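In listed order, ligands and their atoms are each counted from 1. All values below were derived from every heavy atom in this structure, side-chain atoms included, with hydrogens, water molecules and symmetry-related copies excluded. In this text, all values refer to a predicted model and were calculated from it rather than measured experimentally.
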Amino acid sequence: MAAAAPMPQAARIAVLVSGEGSNLQALIDAERAGKIGGRIVAVASNHAAARGLERARSAGIDALHVGALKGEPRRDYDARLAAALEPFDVDIVVLAGFMRIFDAELVERFAGRMLNIHPALLPRFPGLDTHRRVLEADERTHGATVHFVTPELDAGPSIIQWRTAVRADDTPETLGARVLRGEHLILPRATDWLAAGRLRLAGGGVMLDGALLADPVVIEDETC
Ligand code: GRF
């Protein structure tokens, strides 16, 4: 009888955060619940005081502060960040509220292995301050998107979206709080798909379980 094939090693995940880290917490909780086919091995932040770093430490995960130096070119920062992550032998990088833009070189190094969560329904409303802009544009629907990171900001192919109806009495705060809860659902899910080898960046598209997605997977809240 042939020997059993060795278990493939669980994907090693780094999560990058800049602030509160509630998305990181959702990833940690999902991992602890056995819902992510991989292991968070490091958390890095450009801000020493990021609450996300504390959350990592509390969970027993290595927490790295890689601050930007004054006037430092983007690619030099990226190189220092990559060097800090090097010992962790990372397979997947998840940007969970990481408020810096990478140079193309780092993005290409992790092509097909880097995810980002964005608080809007891409390709609509890339960039910052999405909740306020959505209300000002009188949109009926809003949400969040997990996408593969490509060199162009917030423009990589979308994998999964969470959608909610915009309410007449919504403020940027109420809408943002609702969207954040949706983010906490879809980021662990997409991370699990990638870690489990179910998700691939194929050319400019996304393959899930061997099929090219015509549109991102959509989860709607009860209001849609
Ligand atoms: C999230 O809304 C994320 O989409 C955005 O920044 C926020 C980060 O929240 N880019 P947290 O740090 O995960 O709580």
Side-chain angles (χ1 to χ4, degrees), residues 13-33 35-36 40 42-59 61 63-68 81 92-102 106-107 114-136 139 141-150 152-164 166 170-192 194 216-219 221:
I13 302 167
V15 183
L16 308 189
V17 299
S18 289
E20 179 56 32
S22 67
N23 277 290
L24 165 67
Q25 192 64 54
L27 288 165
I28 292 171
D29 294 347
E31 184 197 331
R32 299 294 186 260
K35 291 182 179 161
I36 291 190
I40 303 169
V43 171
S45 179
N46 53 331
H47 291 141
R51 167 110 168 86
L53 289 179
E54 268 176 61
R55 292 181 191 267
R57 288 186 203 105
S58 304
I61 301 167
L64 319 170
H65 168 230
V66 184
L81 180 64
I92 291 171
V93 175
V94 179
L95 309 184
F98 188 64
M99 305 307 279
R100 277 190 66 93
I101 297 171
F102 290 130
L106 187 69
V107 173
M114 189 184 271
L115 303 180
N116 182 47
I117 178 90
H118 180 76
L121 297 174
L122 293 173
R124 310 218 55 213
F125 301 97
L128 297 173
D129 211 4
T130 53
H131 312 307
R132 185 188 54 76
R133 288 161 54 213
V134 160
L135 290 173
E136 280 174 7
E139 293 288 316
T141 314
H142 185 36
T145 304
V146 180
H147 64 95
F148 277 113
V149 177
T150 55
E152 200 187 332
L153 183 68
D154 295 335
S158 295
I159 298 160
I160 183 167
Q161 293 188 322
W162 181 88
R163 295 186 188 167
T164 185
V166 177
D170 262 326
T171 63
E173 290 71 30
T174 59
L175 192 51
R178 202 153 75 247
V179 168
L180 192 59
R181 287 198 295 277
E183 294 180 35
H184 299 163
L185 290 178
I186 60 175
L187 187 59
R189 197 169 298 192
T191 303
D192 175 50
L194 187 59
V217 174
V218 172
I219 299 178
D221 79 352

Practice problem: Taking only heavy atoms of Glu20 into account, list the atoms of ligand 1 that are under 4.0 Å away from them. | Solution: 12 (O), 14 (O)

Quiz prompt | Test of proximity, Gly21 against ligand 1: N or O pairs below 3.5 Å | solution = yes

Exercise. Quick one: look up the protein heavy atom nearest atom 8 (C) of ligand 1 and list residue, atom name and how far away it is.
Key: Gly97 CA, 3.8 Å

Practice problem: Answer with yes or no whether the side chains of His147 and His118 bring together a donor and an acceptor at under 3.5 Å. | Solution: no

Practice problem: Name the closest protein heavy atom to atom 14 (O) of ligand 1, giving the residue it belongs to and the distance to 0.1 Å. | Solution: Ser22 OG, 2.5 Å

Quiz item: Do you know which of Ile92, Thr191, Ile40, Leu187 makes side chain to side chain contact (heavy atoms under 4.5 Å, CB included) with Val15?
Solution: Ile40

Quiz item: What residues form a ring-ring contact (aromatic ring centres under 6.0 Å, His included) with Phe148, not counting sequence neighbours?
Solution: none

Self-check item: Pair Asp170 + Arg178, salt bridge at N-O below 4.0 Å
Solution: yes

Quiz item: Does any N or O in the side chain of Arg124 come within less than 3.5 Å of the main-chain N or O of His142, such that one atom is a donor and the other an acceptor?
Solution: no

Quiz item: Hey, is ligand 1 close enough to Glu183 that some N/O pair sits below 3.5 Å?
Solution: yes

Quiz item: Would you call Val17 a ligand 1 contact, heavy-atom distance under 4.0 Å?
Solution: no

